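Notes follow the structure.
None of the values given here were measured: they were computed from a predicted structure. Below, chains carry the letters A, B, ... as their sequence lines are ordered, and counting in each starts from 1. Just so it is clear, the values below take in all heavy atoms, side chains as well, and ignore hydrogens, waters and symmetry mates.
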There are 2 protein chains.
Amino acid sequence: MGAQTSRTDEWADVTPDAARRLLAAGVAAFAERGYHATTTRDIAGRAGMSPAALYIHYRTKEELLYRISGVGHRLALDILCRARDGAGTPAERLAEAVRRFVRWHAEHHTTARVVQYELGALGEEHRAEIVALRRETDAAVRSIIEDGVASGDFDVPDVRGTALAVLSLCVDVARWFNAAGERTPAEVGDLYADLVLRMAGHPGPSPRPA
Amino acid sequence: MGAQTSRTDEWADVTPDAARRLLAAGVAAFAERGYHATTTRDIAGRAGMSPAALYIHYRTKEELLYRISGVGHRLALDILCRARDGAGTPAERLAEAVRRFVRWHAEHHTTARVVQYELGALGEEHRAEIVALRRETDAAVRSIIEDGVASGDFDVPDVRGTALAVLSLCVDVARWFNAAGERTPAEVGDLYADLVLRMAGHPGPSPRPA
DNA sequence: GTCCGCCCTAAGCGCTCGCTCAGGCCCGGG
DNA sequence: CCCGGGCCTGAGCGAGCGCTTAGGGCGGAC
């Protein structure tokens, strides 16, 4: 009946309670039907409120999407930055980045779907702000690959193109992942870490950090 | 002003002329704004007609999407089937499949975007029909990889998962590819053929068919 | 010339959308 | 006790939606 919350609440620091419930309801609705096919009545209903209540906490339906998008992008970016700045060889860091990033996209695939595929529904300035976050995401992946090329761990003729492909591959997990499917988020993360190291020309199985 | 047509017209065999123009206008509009954010007035306007004209050739807006989706999926599936059934080693066939498939997704990225990302907007029976086509697509890729594993050309521990990842990687090109960007469709196809062979554990550069 | 059938348009119907507004409940401070 | 502000609801506005309907123009058969 109520909003479908994720297992570890990603919106824990949003207050007041009603605003948080609306956010979670928005994520569920947008992920299921898409932004434009979702009505404010549907969102409010999932949160157990009347349609008018939405406008006490958010100025428009678009602002609700913007908040979701901002929180989601920052969480995903954080995962990559931590891996980039962590200890270990470039191969360990790339494997760890992909493993965690993919796992997040699988576990929170409803949020990730909204974050990755409803960007076009944002207004002009809000979209520009989110696109900037995305460029940082891209730079983080590229940076790890560059480290590996410099150290000789990787063999990558086209660093920009490979970084783009790696990110594209990981992000698309949100589209096809199904919680009722046969693979757990952790399994997909491990598989993808392996595939990405192969793309980077790293010999042997994907290493775990020490 | 008029509908934006692709360089090689993919809708050549759709008649009458007005129906084809509406299809092309629908593709352009859906790709730009998404199905739900597109109005029938917008589609008709791009085709240079009044809103009512749409309903002479298509029963509903959803049927227009269904036609687009059907034609697009069949074109993409055809590319993979031809590569699967072609001559050459598994590595040559996989490289060729990816090269052509990716190139199509880049060249026709507006069509591909609609085909890949607006599936959820289809009605129940129409969606089931399209999903069946998609399963064939998946099977074609898996089949080539299985051939390579059997012949010893590939080293793939998880065939199902790798096939899924390969397809996901290729399909997502439609999302990020930008015609004004720095890479041509052919360049992206070559890069991706290389990356996919690495994912399949094939040593050396991606071979061209004889 | 006359008529028929195909394409098309102008006008508009019924509906649902995002969003607003006047007012009610409830809880903490005096 | 009363009051005031934060949170919420019921009712509904104006707009734009998908789609329909009545009829006009026009080219080919006779």
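- Checking C:dT9, D:dC17, D:dC8 against every side-chain atom of B:T39, the shortest atom distance belongs to D:dC17.
- Atom OH in B:Y58 sits roughly 17 Å away from atom P in D:dG18 (whole-Å rounding).
- Checking D:dC19, D:dC8, C:dT9 against the side-chain heavy atoms of B:T60 singles out D:dC19 as nearest.
- Nearest heavy-atom pair across B:P185 and B:E107 is CG-CG, 3.8 Å.
- Remark: C1' of C:dG18 and CG of A:D42 are 14 Å apart, rounded to the nearest angstrom.
- In this entry the distance linking CG of A:L54 with C1' of C:dC21 reads 16 Å, nearest Å.
- A distance of 9.0 Å separates CZ of A:F101 from CG of A:L77, quoted to the nearest 0.5 Å.
- Taking 4.0 angstrom as the limit, B:H57 places a side-chain polar atom (N or O) nearer than this to OP1 or OP2 of C:dC8.
- Relative to the side chain of B:K61, the nucleotides C:dC8, D:dT9, D:dG18 differ in distance, and D:dG18 lies closest.
- For a distance-only test at 3.5 Å, the side chain of B:R41 qualifies as a donor-acceptor partner of the base of D:dG18.
- A straight line from CZ of A:R20 to P of D:dC7 spans 13 Å, rounded to a whole angstrom.
- We find that CD1 of A:I56 is positioned 12 Å from C1' of C:dG23, with the value rounded to whole Å.
- B:T40 has a side-chain polar atom (N or O) that falls below the 4.0 Å cut-off from OP1 or OP2 of D:dG18.
- The CE-P distance, from A:M49 to C:dC25, rounds to 18 Å in whole Å.
- The only option from B:R59, B:K61, B:H126, B:E129 that meets the side-chain hydrogen bond (donor to acceptor under 3.5 Å, both in side chains) definition with B:Y66 turns out to be B:E129.
- The CD-C1' distance, from A:E62 to C:dC17, rounds to 17 Å in whole Å.
- Separation of atoms CD (B:E63) and OH (B:Y55) is listed at 11.0 Å; rounding is to 0.5 Å.
- Of the candidates A:L94, A:D85, A:L80, A:L94 is the only one forming a side chain to side chain contact (heavy atoms under 4.5 Å, CB included) with A:I144.
- Regarding A:Y55, its OH atom lies at a distance of 17 Å from the P atom of D:dG10, rounded to whole Å.
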